[in-house]
*Asks:* 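Have a look at the structure that comes next, please.
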Amino acid sequence: MNSLLVADTVSKQFGNFTALNGVSIAVPKGSIFGLLGPNGAGKTTLIRIINQITMPDVGAVTLDGEPLQQHHIRDIGYMPEERGLYKSMKVGEQVLYLAQLKGLDKAEAKKRAKHWFEKLEIGAWWNKKIQELSKGQAQKIQFVVTVMHNPKLLIFDEPFSGFDPINANLIKDEILQLRDEGATVIFSTHRMESVEELCDHIALIHKSNKILDGEINTIKRQYRNNTFDIGVEMDASAFAKAETALQAAYKVSPAEFKSLGDELKLRVQLGEQGNSNELLKQLQSYGQVTHFTEVIPSVNDIFIQTVNESL
Ligand code: ADP
Ligand code: MG
């Protein structure tokens, strides 16, 4: 695997408190890497170490095979959790100033700012002060500032907090596009359900420890447990009999999925030996099968299961 960023057994103490306990991650080039875990897990601490804002007590971080150095700061675009723009400075001035700090000349900065302001349809804010913008609007400016110098590594700390769903989606799409154009992305979130379609790799952090990481579909395959949501249109008077027959062979529970009919709806756990074709045949003998879908574990389910197993 070709990793852009590697953190190797990184530990960090604050007084007696261990904020990171030997955490390692390897972020593949061109991936979107989700750093997931509840509040206080240690995600921001790791991100601050990668950005050389704090030093690890133990462990090392490399970017493109080189130990982190000052000059790497220009290779990274970082959107901190505590957004940091100058409140009384005008948006346009500020964007150009910050882009120049990242090494762009003024003409290039103007060109790229124009591109992004048009793309995000925020041109009208150019002469406003940050303090005149809403939190979500200021966050869009911060996003532009983060990506404008075209860094090879983008790091977003809780990028979706503070955005309404429409803007959160817009930023999600921009992140996907930046990845498609060659950037590598790390982002953190404590809301696992909302972003799993965005990342291709994840690391789950819990109480300062990494408890799981890897390619998301590989992890999901490991955690799938041969469970199907099924729906069968049939005479309602025969529901109980069918359910009893299924219970004799499988673990059966109620299913919650949207449907128009009032069919028999169940979640059926086949177990290791179970065969989905056999189940389908059985269902066909009851009536018209309207629903037959494998239940793929969500990252949230996997997180909860992994935490319980690690106790
Ligand atoms: P996350 O981003 O996953 O929510 P953080 O990395 O911000 O978590 O924090 C992890 C833990 O470390 C928290 O309990 C937090 O209070 C503590 N912590 C973070 N930074 C400091 C600091 N500078 N001094 C003392 N404790 C800190
Ligand atoms: Mg945080």
Side-chain angles (χ1 to χ4, degrees), residues 5-27 31-61 63 68 73 76-85 135-136 138-140 142-143 145-147 151 153-164 167-168 171-172 175 184-196 198-199 201-214 216 219 298-311:
L5 181 116
V6 175
D8 185 19
T9 51
V10 168
S11 292
K12 180 75 185 176
Q13 298 266 139
F14 294 112
N16 287 330
F17 179 75
T18 303
L20 284 175
N21 185 20
V23 170
S24 298
I25 59 169
V27 180
S31 68
I32 299 183
F33 191 100
L35 212 49
L36 313 179
N39 285 321
K43 305 179 296 295
T44 296
T45 303
L46 181 58
I47 286 175
R48 288 168 63 87
I49 288 171
I50 295 169
N51 282 290
Q52 304 181 67
I53 294 164
T54 41
M55 292 286 288
D57 299 328
V58 182
V61 182
L63 185 73
L68 278 186
I73 290 170
I76 301 179
Y78 168 45
M79 185 159 99
E81 191 173 19
E82 297 299 328
R83 320 293 188 219
L85 294 169
K135 193 176 166 202
Q139 197 156 325
K140 267 188 171 170
Q142 187 106 43
F143 178 82
V145 167
T146 305
V147 303
L153 178 61
L154 289 164
I155 303 177
F156 301 102
D157 198 355
E158 305 280 354
F160 305 110
S161 71
F163 275 133
D164 59 66
N167 279 310
I171 293 300
K172 207 189 262 185
I175 291 176
T184 303
V185 180
I186 301 174
F187 76 95
S188 79
T189 182
H190 61 276
R191 289 174 45 215
M192 273 164 264
E193 72 287 357
S194 61
V195 286
E196 57 177 284
L198 189 58
C199 13
H201 286 71
I202 55 168
L204 295 180
I205 313 273
H206 180 58
K207 292 190 177 164
S208 325
N209 290 280
K210 184 185 76 181
I211 57 170
L212 183 70
D213 70 348
I216 194 158
I219 293 175
S298 68
V299 170
N300 202 38
D301 296 338
I302 292 170
F303 181 77
I304 290 165
Q305 192 181 330
T306 316
V307 167
N308 286 335
E309 285 166 1
S310 69
L311 288 177

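Just follow the structure's listing: the first ligand is 1, and inside any ligand the first atom is 1.
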*Asks:* Tell me which residues fall inside the under-4.0 Å heavy-atom shell around ligand 1.
*Replies:*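 If the criterion is a heavy atom under 4.0 Å, then ligand 1 touches Phe14, Phe17, Ala19, Pro38, Asn39, Gly40, Ala41, Gly42, Lys43, Thr44, Thr45.
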
*Asks:* Look only at the side chain of Lys172 and the backbone of Val195, and say whether a donor-acceptor pair between them is shorter than 3.5 Å.
*Replies:*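 It does not hold such a pair.
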
*Asks:* Compile the donor-acceptor pairs under 3.5 Å between side chains in residues 16-23 and protein atoms, sequence neighbours left out, one pair per line.
*Replies:*
{"residue": "Thr18", "atom": "OG1", "partner": "Gln13", "partner atom": "OE1", "Å": "2.6"}
{"residue": "Asn21", "atom": "ND2", "partner": "Asn209", "partner atom": "OD1", "Å": "3.0"}

*Asks:* Backbone N or O of Ile302 within a donor-acceptor pair of the Thr306 side chain at under 3.5 Å?
*Replies:*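 Yes; at least one donor-acceptor contact below 3.5 Å.
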
*Asks:* Check whether any side-chain N or O of Lys43 sits under 3.5 Å from a backbone N or O of Leu36 as a donor-acceptor pair, and report yes or no.
*Replies:*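 Judged by distance alone, no pair lies under 3.5 Å.
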
*Asks:* For the pair Asp301 (side chain) and Ser298 (backbone), establish whether a donor and an acceptor sit closer than 3.5 Å, ignoring hydrogens and angles.
*Replies:*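 Side chain of Asp301 to backbone of Ser298: a pair is present.
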
*Asks:* Sequence neighbours left out, what passes ring pair (Phe, Tyr, Trp, His ring centres under 6.0 Å) with Phe156? Give chain and number order.
*Replies:*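 By the ring pair (Phe, Tyr, Trp, His ring centres under 6.0 Å) rule, Phe156 matches Phe143.
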
*Asks:* Report the protein N/O/S neighbours of the Mg ion (ligand 2) that fall below 2.8 Å; do not count waters.
*Replies:*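 Metal shell, protein only: Thr44 OG1, Glu81 OE1.
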
*Asks:* Could you tell me whether the side chain of Thr9 and the main chain of Gly59 form a donor-acceptor pair under 3.5 Å?
*Replies:*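 No: the side chain of Thr9 does not pair with the backbone of Gly59.
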
*Asks:* Does Pro159 offer a backbone N or O that forms a donor-acceptor pair with the side chain of Gln139 under 3.5 Å?
*Replies:*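 Pair found, side chain donor or acceptor close to backbone of Pro159.
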
*Asks:* Quick one: closest heavy-atom pair of Thr189 and Glu158, and the distance?
*Replies:*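 In terms of heavy atoms, the two residues are closest at CA-OE1, 3.4 Å.
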
